[in-house]
Participant: 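I am attaching a structure below and will ask some questions about it afterwards.
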Amino acid sequence: MPPVSARLPVFPWDRLEPYKATAAAHPDGIVDLSVGTPVDPVPELIREALSGAADSPGYPTVWGTAALRDALTGWVERRLGATGVDHTQVLPVVGSKELVASLPAQLGLGPGDRVAFPRLAYPTYEVGARLAGAEPVPYDEPTELDPAGLKLLWLNSPSNPTGRVLDKDELRAAVAWAREHGVLLVSDECYLELGWDADPVSVLHPEVSGGSFEGLVAVHSLSKRSNLAGYRAAFLAGDAAVLGELLKIRKHGGMMVPAPVQAATIAALGDDAHVAEQRERYARRRSALREALEGCGFRIEHSEASLYLWATRDEPCWDTVGALAELGILVAPGDFYGPAGERNVRVAFTATDERVAAAARRLGGGLPKA
């Protein structure tokens with residue numbers, strides 16, 4: 001039996017290890033701006049909620065507690081602008097990456113089916129298609145896709161890696177096209193609360209969805225907005241028929257969010273103050289890094305939202321990665337996200353204030369000559 005891993009591309013982050021070693025050798029230490037993992041503390045009210053639910057000896061349910069579903073529906077209405085959302089239209093999941101990687105298989109897709117995603121994209125969309133045996137189809141514009149055999153259409157706004165935000169007209173067009181052709185549209189909106197030069201909108205907003213969730217699912221995560229990457233707290237909202245089918249499948253698979261994490265999610269979604277505080281941190285870091293990068297010859301493209309700057313010096317991305325590694329700064333090469341990113345790098349601003357300041361100082365001296 002051939003290994004399933006043979007269907008998949010080489011895990012991209014392994015290729016970065018030599019550059020990480022170079023950056024780590026810098027006398028003042030590495031500034032790791034590559035992965036984009038949160039570094040700031042988990043807010044106290046969330047930790048208290050987690051601790052308070054620590055005595056949870058029984059199995060949690062896949063659908064979560066009624067209190068969790070209330071929190072999810074309430075947040076979808078309050079933050080996404082949807083109305084009349086009920087429990088059948090939300091579903092907690094064990095981290096958004098798990099969902100992205102397994103969704104095509106959970107939907108029953110396989111050989112002969114096609115899964116579409118942006119040409120510049122989070123690589124797990126392609127991984128999910130390949131794990132299911134479906135055909136991955138990168139696109140430039142979703143409405144220009146050939147609908148034959150297309151079963152799943154991924155949107156990603158704000159985008160990882162580019163930070164691009166799709167406006168309401170673009171979202172409406174994608175929704176209308178997907179519905180016309182009977183294609184399930186799933187929108188990865190994990191960075192929706194991190195808009196800087198644009199105000200991201202969900203596909204579930206009535207001005208986009210037309211007031212109906214038919215054929216639409218939105219993916220949301222608490223990893224970035226609440227520093228909960230270590231908790232694996234995420235959820236889906238949208239078409240009740242689709243989520244109901246996923247719930248049945250996930251019950252058989254035992255895909256349960258731990259009870260303490262459910263309690264933490266309720267606390268996180270009920271508090272906006274910690275989100276605003278974290279946004280302020282990221283805004284400072286973003287400004288400092290952008291100014292430093294532009295000051296030494298980088299051009300920043302898109303980047304109107306998310307936790308990244310999509311930067312270029314109009315050279316092969318690995319040349320840029322190497323030059324920055326000599327300064328002790330590690331970034332992600334753009335071709336991790338598809339061949340279209342081969343002349344860009346993704347620079348995360350998920351580092352401490354001290355490390356961001358160190359990167360800015362180093363960039364102030366310019367990049368080493370090739």
Side-chain angles (χ1 to χ4, degrees), residues 13 16 19-20 23-24 26 28-43 96 120-122 156-165 188-200 221-230 274-313 317 320-321 323-325 327-334 336-337 341 344-365 367:
W13 295 98
L16 202 56
Y19 299 90
K20 185 174 184 179
H26 190 278
D28 186 39
I30 188 173
V31 179
D32 192 343
L33 308 178
S34 61
V35 177
T37 187
V39 298
D40 299 303
V42 174
S96 57
L120 270 171
Y122 183 47
N156 180 208
S157 176
S159 164
N160 174 15
T162 69
R164 180 189 173 197
V165 173
D188 181 345
E189 301 174 353
C190 290
Y191 296 91
L192 185 131
E193 294 196 276
L194 295 164
W196 311 110
D197 303 324
D199 187 14
S221 168
L222 281 72
S223 293
K224 314 299 186 183
R225 46 108 58 203
S226 298
N227 299 333
L228 296 189
H274 78 275
V275 181
E277 182 179 353
Q278 189 60 45
R279 278 180 53 87
E280 290 176 4
R281 292 189 186 110
Y282 285 141
R284 292 195 308 270
R285 296 164 186 169
R286 176 180 185 269
S287 178
L289 285 171
R290 180 165 194 154
E291 181 178 349
L293 287 165
E294 290 178 334
C296 67
F298 282 89
R299 184 174 71 254
I300 306 300
E301 299 177 340
H302 298 300
S303 305
E304 56 259 34
S306 83
L307 291 179
Y308 314 105
L309 294 169
W310 188 238
T312 181
R313 291 204 305 167
C317 61
T320 307
V321 170
L324 288 170
L327 295 180
I329 300 170
L330 190 67
V331 299
F336 276 11
Y337 308 94
N344 290 74
V345 293
R346 193 194 74 170
V347 183
F349 37 94
T350 53
T352 65
D353 291 344
E354 183 274 329
R355 288 288 83 189
V356 168
R361 285 195 305 271
R362 298 175 196 181
L363 290 167
L367 267 67

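Every heavy atom of this structure was used, including side-chain atoms; hydrogens, water molecules and symmetry mates were not. If you're wondering where the values come from, they're calculated on a predicted model, not measured in any experiment.
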Participant: If you round to the nearest 0.5 Å, how far is OG of Ser34 from CD1 of Ile329?
Facilitator: 12.0 Å
Participant: So which heavy atom on Ser223 is nearest to which on Ser221, and how close?
Facilitator: N-OG, 3.0 Å
Participant: Mind running side chain to side chain contact (heavy atoms under 4.5 Å, CB included) on Thr320 and Phe298 for me, showing each step along the way?
Facilitator: CA-CA 10 Å; Thr320 307; Phe298 282 89; 3.5 Å; yes
Participant: If I take atom CD1 from residue Ile300 and atom CG from residue Leu289, how far apart are they, to the nearest 0.5 angstrom?
Facilitator: 9.0 Å
Participant: With sequence neighbours excluded, tell me which residues meet side chain to side chain contact (heavy atoms under 4.5 Å, CB included) with Asp28.
Facilitator: His26, Arg355, Ala358, Arg361, Arg362
Participant: On a heavy-atom basis, which atom in Ala292 and which in Leu363 lie closest, and how many Å separate them?
Facilitator: CB-CD1, 3.8 Å
Participant: Is NZ or CZ of Arg346 both nearer than 6.0 Å to the six-membered ring centre of Tyr308 and within 45° of the ring axis?
Facilitator: yes
Participant: To the nearest 0.5 Å, tell me how far Asn156 CG sits from Cys190 SG.
Facilitator: 8.0 Å
Participant: Using modelled atom types and a 3.5 Å cut-off, is there a donor and acceptor pairing between side-chain atoms of Ser226 and backbone atoms of Leu228?
Facilitator: no
Participant: Going by ring pair (Phe, Tyr, Trp, His ring centres under 6.0 Å), name the residues that satisfy it together with Tyr19, two or more places apart in sequence or in a different chain.
Facilitator: Trp318
Participant: Could you list the residues that satisfy side chain to side chain donor-acceptor pair (under 3.5 Å) with Arg299, not counting sequence neighbours?
Facilitator: Glu301, Asp314
Participant: Any side-chain heavy atom of Ser287 within less than 4.5 Å of one from Phe349?
Facilitator: no
Participant: Taking salt bridge (charged side-chain N to carboxylate O under 4.0 Å, His left out) as the criterion, tell me which of Arg285, Arg279, Arg284 meets it with Asp40.
Facilitator: Arg285
Participant: Could you point out which residue of Thr350, Leu194, Val275 forms a side-chain contact (heavy atoms from CB on, under 4.5 Å) with Lys224?
Facilitator: Leu194
Participant: When you check the gap from the basic side-chain N to the acidic O, do Glu277 and Arg281 get nearer than 4.0 Å?
Facilitator: yes
Participant: In Å, rounded to the nearest 0.5 Å, how long is the span from CG of Asp188 to OH of Tyr122?
Facilitator: 7.5 Å
Participant: Compare every heavy atom of Asn227 with every heavy atom of Pro38, then report the nearest pair and how far apart it is.
Facilitator: CB-OD1, 3.8 Å
Participant: Please determine whether side chain to side chain contact (heavy atoms under 4.5 Å, CB included) holds for the pair Trp310 and Leu120, giving the CA-CA distance in whole Å, both sets of side-chain angles, and the decisive distance to 0.1 Å.
Facilitator: CA-CA 11 Å; Trp310 188 238; Leu120 270 171; 3.8 Å; yes
Participant: Give the minimum heavy-atom separation between Cys317 and Val345, together with the two atoms involved.
Facilitator: O-CG1, 3.8 Å
Participant: First locate atom CG of Leu33, then atom CG of Leu330, and finally report the distance between them rounded to the nearest 0.5 Å.
Facilitator: 8.0 Å
Participant: So, taking the atom named OG1 in Thr37 and the one named CG in Leu307, what distance separates them when rounded to the nearest 0.5 Å?
Facilitator: 10.5 Å
Participant: Please find the pair of heavy atoms, one from Pro43 and one from His274, that lie closest to each other, and give the distance.
Facilitator: CG-CD2, 3.5 Å
Participant: Restricting to non-hydrogen atoms, name the atom on Ala351 and the atom on Asp32 that form the minimum distance, rounded to 0.1 Å.
Facilitator: CB-O, 4.4 Å
